[in-house]
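All remarks here apply to the structure that follows.
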Amino acid sequence: LRGPLVMTSYEGTASGWTEEGLFPTRDLGALDNDGFLWLRGRNKEMINRGGETMIPQEIEDIAEGHGSVQKAAAYSVPHALL
């Protein structure tokens, strides 16, 4: 993230910014064909199961695409083997 309304450093340090001067928000998003940015979630919301990373919103979208599912919620729970 970079722009005229984004701070350029914390007081006394530039820690947290990339070498290119970008502030990493850890938001997950994608640009569509028209150039609009669609936010899909936060990096910290990602689920890691057995080395496979999943974004809860993507799982929910797939489940809600099924005719029998009205609303879905995906979240991580501890597993003894994974």
Item to check | Side chains of Q57 and D61, donor plus acceptor under 3.5 Å | outcome: yes
Item to check | D34 (side chain) donor-acceptor with F36 (main chain) under 3.5 angstrom | outcome: no
Checklist entry - Side chains of M54 and S76: does their closest heavy-atom pair fall under 4.5 Å? => result no
Item to check | Connected via hydrophobic side-chain network under 4.5 Å: L31 and L39 | outcome: yes
Checklist entry - Which pair of non-hydrogen atoms, one from P56 and one from A74, has the smallest distance, and what is that distance? => result CB-O, 3.6 Å
Checklist entry - Could you give the distance from OH (Y75) to CD1 (I47), rounded to the nearest 0.5 Å? => result 10.0 Å
Checklist entry - Hey, mind stepping through K71 and E64 against side-chain contact (heavy atoms from CB on, under 4.5 Å) and telling me if it holds? => result CA-CA 6 Å; K71 190 70 179 162; E64 290 173 4; 3.5 Å; yes
